[in-house]
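Following: one structure in C-alpha cells, then a few remarks.
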Number of protein chains: 2
Amino acid sequence: MLKIQPLRDEDWPTVWAMLEPVFRAGETYPCDPAITEEEARLYWAETTEASYVARDAEGRAVGAFYIRPDQPGLGDHVCNCGYVVAESARGRGLAVALCRRSQEIARERGYRAMKFNLVIATNEAAVRAWLKSGMRIIGTVPKAFRHARLGLVDAHIMYKEL
Amino acid sequence: MLKIQPLRDEDWPTVWAMLEPVFRAGETYPCDPAITEEEARLYWAETTEASYVARDAEGRAVGAFYIRPDQPGLGDHVCNCGYVVAESARGRGLAVALCRRSQEIARERGYRAMKFNLVIATNEAAVRAWLKSGMRIIGTVPKAFRHARLGLVDAHIMYKEL
C-alpha cells in the first residue's frame with residue numbers, strides 16, 4: 001500500500017535525502033552534481049506545478065515525484081514528471097507504482113499526456129520501469145547526457161497518452 | 001548579406017513587433033496567445049542564454065533568434081533555439097539563413113548539438129526550413145500542441161549534431 005500526499009514543507013528534508021545521492025552521482029538526472037539543497041528545492045518543489053511524497057504502510061517516505069507542464073500555454077496539456085525512490089526501498093517495483101499513480105493524478109489535474117524528456121539510455125532500470133508503466137520511447141537524443149562515469153550517452157524521450 | 005548582432009535593449013520593440021503577431025496567432029509557438037509584452041521579453045530575451053537580431057544589407061531588422069541550454073547541468077551541451085522572421089521578409093529563405101548562423105554561433109559558444117522540442121507538424125514551411133538547415137526529425141509527440149485553428153496537432157523534435 002502506497003500513500004501519495006502533496007509535499008509539505010516538513011517533508012523536504014526526507015525528499016532531499018533521497019534526491020541528494022541521485023543528483024550527486026550524475027548518472028540519471030541532468031542537474032549539476034554540485035547542486036545546492038536550495039537549488040534542488042527550487043527545481044523539485046518550487047518551480048513544479050505539484051510535488052508529492054509516497055509513504056509505505058508504516059508511514060515511511062519511500063519515494064517522491066513532481067508534475068509540471070512540459071510546455072507553456074498551448075502545450076500545457078502535456079505534463080512532465082520526475083521521480084525518485086529512496087535507496088533503501090529499491091528493487092520492489094516502486095518506480096512503476098509511482099509512475100502509475102502520477103498518471104492518475106496528472107489525468108485528474110486535466111493533463112492529456114505525459115512526457116519524459118531525458119531518460120538516460122544507460123539507466124536500464126528506469127527505461128524498463130517506464131515501459132512497464134505504459135510509456136513508450138518516441139525518440140532518442142544522441143549523446144544528450146554527460147554521464148559521470150560513461151561520458152556522452154543517449155537519452156530517450158518517452159510518452160503516454162492519458 | 002545578413003548581419004547578426006546580440007539583441008540590445010533598444011532592439012526589443014522591433015523584435016516584439018515581429019513576435020507579437022506570431023504569438024497571437026497561436027499556430028507555431030506554445031506561448032499563451034494572450035502573452036503580455038513583458039512576459040514575451042522574459043521568455044525571449046531574459047531567460048535565454050543569448051538573443052540575437054538579424055539585419056539586412058540596409059540595416060533593417062528582418063529576424064531574430066535566441067539560444068539557450070536545452071537542459072541544465074549535465075545536459076547543457078545541447079542547445080535549444082527559437083526563431084522569428086519579420087512578416088515583410090518572408091519567402092526569401094531567411095529562416096534557413098538564421099538557423100545556419102545560429103548553429104555557427106552555438107558551436108562557438110561550446111554547444112555540441114542543437115535540439116528543437118516543439119516544431120508544429122502543420123507548420124510545413126518551418127519543418128522544410130529546418131530540414132534544409134541540416135536538422136532531422138528524431139521523434140514526433142502526438143497531439144502536443146493546441147493549434148488555434150486546427151485543434152490538437154503533432155509536434156516534431158528535431159536535432160543536429162554541431
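All values reported here derive from a predicted model rather than from experimental measurement.
Checked by atom type, the side-chain pair A:Q71/B:Y29 shows no donor-acceptor distance below 3.5 Å. Looking at A:E38 and A:Y43, their side chains never bring a donor and an acceptor atom within 3.5 Å of each other.
For chain B, the nearby part of A:L152 is the side chain; its heavy atoms alone come within less than 4.5 Å. For B:K143, the parts lying under 4.5 angstrom from a heavy atom of chain A are both the backbone and the side chain. If you measure heavy-atom distances from A:D76 to chain B, the contacts under 4.5 Å come from both the backbone and the side chain. Heavy atoms of B:L118 lying under 4.5 Å from chain A belong exclusively to its side chain.
Results of the ring-ring contact (aromatic ring centres under 6.0 Å, His included) test with B:W44 over B:W12, B:Y66, B:W16 single out B:Y66 as the only residue that passes.
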May I have the step-by-step check of side chain to side chain contact (heavy atoms under 4.5 Å, CB included) for B:I4 and B:I105, ending in yes or no? CA-CA 10 Å; B:I4 309 289; B:I105 293 171; 3.8 Å; yes
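A tilted orientation is assigned to the rings of A:Y83 and A:W130, their planes being inclined by 30° to 60°. In this pair, B:F145 and B:H147 present their aromatic rings perpendicular. The plane angle is above 60°, beyond the 30 to 60° band.
In terms of heavy-atom pairs under 4.5 angstrom with chain B, the leader among A:P142, A:A144, A:C31 is A:P142. Across A:A155, A:A34, A:P33, A:A113, the residue that shares the most heavy-atom pairs under 4.5 angstrom with chain B is A:P33. Heavy-atom pairs under 4.5 Å with chain B were tallied for A:E161, A:K115, A:R112, A:H77; the largest tally goes to A:H77.
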